[in-house]
Every structure is written in C-alpha cells, then in structure tokens.
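Computed from a predicted model, the values in this text were never measured in an experiment. All values below come from the heavy atoms of this structure, side chains included, with hydrogens, waters and symmetry mates left out. First listed ligand is number 1; within each ligand, the first listed atom is number 1.
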Amino acid sequence: MTWQYHHGMASVIQSKRDDQQIISFNPATGEEVGRVPQLSAAEVLAAVDRSREAFHKWKTTSFRERRALVMKAREVILTQLDEIAHLISAESGKPFGEAIAMEIAPVLDLMQHFARSAERMLKPRRINIGLYATLGRYSKIVYHPLGVVGIIPAWNYPFSIPLGETAMALMAGNSVVIKPSELTPFVGLQIGEIFERAGAPADLVKVVTGDGRTGAALVDAIPDKIMFTGSVATGKTIASAAAKNLIPVVLELGGKDPMIVFDDANLDLAAGAAVWGAFCNAGQSCSSVERLYIQEGVADKLTKLIVARTRELKQGRGDREDVSIGAMSSERQLRIVEDHVNAFREAGAKIEIGGRVGIADRGVRSADSVRSKSDGAIENEGIHDQLSAISNLFFEPTVISGATNDMRPMQEETFGPTLPIATFKTEEEAIRLANDSEFGLTASVWTRDYAKGRRVAEQIEAGSVCVNEVLYTHGIGQTPWGGFKNSGRGRTHGLEGLMELVQPQHIHVNRVAVLPDAWWMPYSPTAVETFRGFAKYFATGSIRKISLLLPQLSKRIRELLKGG
Ligand code: NDP
C-alpha cells in the first residue's frame, strides 16, 4: 500500500499493514494532509538495524564528504523553500512566514555552521597531563561517532529541531532514525526526503512514522543515543526505558519562561518582545514567555502597550502572509490553554484582552469541530464550509494582569497564546519570582543598565538567559541549548551539543618506554616509601616539589630492575 501526502509531495513509504495508519490534518482548516503508516515494533527494529549498517560505512567518511552532504541538503531545502514552509504550516498550524523565519532560516544557519566547523570542533587535541608529562608521556583525545542516533521530536518545531539534530549527528559520523510526532509526520518524512535528494547513502537518515508506541519501539530497538524533545512526563518514560539498556539520552523538556522588565527598560521594545515572545507559534514554544514580571512603577504603562499591540494581531490560517497567529496544533493543547485561562479568571486575575477559544473578532467561535490526537477525528463536518475554511483550534491571544505565582497556571506549562503579567518591587524579588518554578529553560531580563542585566541573568536558574532579547536563542545553533531543573538534561546545539553526539577516546602514549613504572609490582617497603613521596610531592603538581622525590624514585626503579 502506498502512503502519500495529498498535496503532491513525492514522499511515499511502503508498509505491509494497511489496518493502522496515522491521518495528518491541517489544524487550521481540518483538511486532511495525508496518511502515513503506524509502523510496528518489528519494522522500527528493522529500520534501526539498517541504519546501523549505514553507520558502519558513514563513520569512515571524511569531514569533507559529510560537509558536502549537509551543504547539498541545504541547497535542496532552498530550492523547495516555500513548499516546505507550506507543509510545516499545514501540519502545525503556524503562519507560513513564521515557518520560514523560525524553522527554515535558523536550521540552514545551523547546517552551514556545523558543516564548516565540526571538523575543527572534533579535532583530536592534546591534554595537559601535568607532571605525568615529566615521565615522558602524553595524552590526546579523539572523538568517535556513537552509532545510530534516535531522534524523537515534538510537533511544535517539527522541521528545525529534528533536522538540526540530524545535521549535527551526521557531521559527527552517526546515522539517524527520526520518529516524528504523529501530528507532523509529513514534515518528518520531508527531512528524510531532503537527504535522499541530496544523495545521502541508503538508510543513513531513516524516518519511522507512528504515534508514541513507535517512539517507544525506537527506544527499545537500542539506538546508541536518544535525542528527545517533548514533555516532562514522556521524558521520564523514555529515560527509564532507555536506562534498561543504558542508552544515553538528551532530554529537551518544557519551560515556564519568565521575562523580567525593570522600570529603566525601553518599554516600547519590551512590549513588542513580550507580544512576540508569548504569541509566536501560538505560544507553543518551549521558550515562550510564559510569565511576565514588570516592576511596579511601569506595570500599567507596559500592560497598555502590550494590549494595544495584541489588538493589532491578525489571526487565521497559516497560509496567509498577513496572519501573525495561527491555529493551535491539537485539541489537547487548546484545552490546556482554556483550562489555564479559566483558572486565572477564577483566581481573580483580569483578562485584559482575548481569553476565548476561536479567532479574535471573527465570530467563528461557535463551531465545535476539533482535531484529536491519535484518531485524527474531525467531529464537525461544518468546518469544511468553504466560506470560513477555518477549524475551531484557535485561541485568542490573551493578556492577563494581576497574576501571582500562587495561581496554578503560573506554575504549570501552558504552551499557548497567553501572557500573564505579575509585578515586583525589587531586583531580589524579581529573581525570586522568576526562580520559583520547577522549570528552567530560558529567561529574559529587560533594563538599560547592562551591568544589572548581566547580574540578574546570572542569578536566574535557566539554561539560556537573554538581556534585552526574548525566545530566539534556539535559533543560534552555535550556542548550547538545554535546560536547568525539569527543563531537561544534556544539551543540543553548540560545542556542548556536538559533544553529546560523540564518544571521546583518550589515547595515552609513553614515549620513553624503557623503564618500569614505579607503581608496578612487586610492592616492597621501598615501593611504599615511593608512594608516600607521590602523595606528598608529585600530587602537588609543583615541578619544584617533584625534585624532592627523584632520589626515592630512582631507588625504587633500580629495585624493580634488579627484581626483573
Ligand atoms: P510529548 O512528550 O507528548 O511527545 C514528544 C514526542 O515523544 C512525540 O514525538 C511523541 O509522539 C513521542 N512519544 C510519546 N510517547 C512516547 C513514548 N512512550 N516513547 C517514545 N516516544 C514517545 O510532547 P509534545 O509533543 O506534547 O510536545 C510539547 C512539549 O515539548 C512541551 O512540554 C514543550 O515545552 C516541549 N518542548 C521542549 C523543547 C526544548 O527544546 N526544551 C522544544 C520544543 C518542545 P506522538 O506525538 O506521536 O505521540
């Protein structure tokens, strides 16, 4: 049976079974994007086996060959730029322009960076081994690929996250198996197709489609590393399944990212940043601004600026170029947002603008069709009404004032277009409120006093903290990405991220292998006296002190030579 994308994408995949399939829908319209198979555990295992065979060839390639493939894949993307952006928009609901700005452009930059720099970053390097060097030895580190890297991404950045990790894994000499989210399988398949068109060897980049069970099967197929992006709950499940086979895992999990605005900040810029930081991708970014803390004196003014900017935003289908806020990606996500907004209301916070399911001021809120995860069911045929061609997976961009940290939605990740605002008096209070969270992915601090900005940034428990910027640092592939606390373990991107995709090997060479080592057997009173000397003099790291050991050392070596 052939599984295909309805809008003409050439990617097809064969499956023996036709009883189980994933139907992908456009969340903005309810239209079917296409169908892919729910692969079985045996099929996933076979994919990992083939990937491992591809790895054994790929690991012997030069950096030049790897660079050529990744750079060619960039070219393929550029020739299909709009087509890919439309696919991302169709499967995720995000505006077409945002797909280019926040997914395609950043990952193209990441690809060229690692294509050009991985060789330098992974160059074998000598290590300073201190006084051991005086014994005629040296050490160097060489980096080996790991093998098969299993990539399990979320649906919110379905292109840039798995593609960036794939490019890095390939540059490090690994092969890759991607299990895209069931909500965005065609974007995942597109990644495999890009590498195929770029001339990648067979099975080097494989894509296995299906739901969470397929992801679990990928973990059970024992890849050599798992790069996971998703919720804390699934991260824990994967970490514990991976632990059974000691598979190392990088976990990129949720966030509840704070933005702190001091009264000396440029309020116009801060307003624009808060609106973009909270509402881009309909708030479904792990590094979205989820909590805004404003210093008391400027809170009213900044809130008004934010509300005014929010009022200007156009919401609608992602394929329109004048739309800023698209659909939510799933009903599950929409319901969480609705629940959080209701919880804010009930706790006494004020909804300044928005607050309802539907499209702001469009009056299509009454349709009750929704997109469900797994079965992909669209419950209301009315959404096919060509007049609106709009589903009901929209939530108005919502600004909420009077929030406090003891309100439930100030603690749980919302992952939607909401911007709750709280106030603070002092720098210490701002830091305390920002750190009052189980999460620690990113944060942002706004002030014209750069020294204060850096001082506050360093006290915030988060993997990335911006001063006078928000959200976008995932787009800087040159810098490490990852969270403190429950926001994750390990890093993607940057040198630290590349190091997650290799295993370091220490090569130690004794260049003057003519004498036995003083610590070899047999032991004796002379040996023990020499070991005391090691503790007292050698272990100081001081070249002056080691000279005090020399007479004892030569006595011990003579003893060993005589014994031998
Ligand atoms: P989920 O945890 O529900 O799913 C993530 C991925 O795991 C999906 O591909 C999913 O497949 C798969 N999966 C589900 N169950 C299993 C399982 N038992 N074994 C293996 N794989 C499984 O997360 P969401 O998709 O809802 O993503 C939203 C979350 O991702 C948010 O918390 C967000 O903050 C976080 N995120 C973090 C980022 C970061 O860099 N820190 C970046 C982007 C998002 P399927 O979808 O088919 O069920």
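For F415, every heavy-atom contact with ligand 1 shorter than 4.0 Å involves the side chain, none the backbone.
Residue T234 places at least one N or O, backbone or side chain, under 3.5 Å from an N or O of ligand 1. At least one N/O-N/O distance between E182 and ligand 1 falls below 3.5 Å. When only interatomic distances are considered, the shortest N/O to N/O separation between D211 and ligand 1 does not fall below 3.5 Å. Looking at T237 next to ligand 1, no N or O pair under 3.5 Å apart turns up. In terms of polar-atom proximity, defined here as any N/O pair under 3.5 Å, A216 does make such a contact with ligand 1. Not a single N or O atom of C286, backbone or side chain, sits closer than 3.5 Å to an N or O atom of ligand 1.
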List the steps, then state whether side-chain contact (heavy atoms from CB on, under 4.5 Å) holds for Q20 with L39.
CA-CA 8 Å; Q20 274 189 301; L39 293 186; over 6 Å; no
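Residues satisfying the salt bridge (charged side-chain N to carboxylate O under 4.0 Å, His left out) test with R74, not counting sequence neighbours, are none.
Across the listed options I178, I152, T229, T229 owns the non-hydrogen atom lying nearest to atom 5 (C) of ligand 1.
Note: W155 and F25 fail the aromatic proximity criterion, with ring centroids not under 6.0 Å apart.
Salt-bridge check for R454 with E458: failed, with every basic side-chain N at 4.0 Å or more from each acidic carboxylate O. Ion pairing between a basic and an acidic side chain is recognised when a charged N comes within 4.0 Å of a carboxylate O; R491 and E500 show no such pairing.
Geometrically, K94 engages Y157 in a cation-pi contact defined by less than 6.0 Å to the ring centre and at most 45° from the axis.
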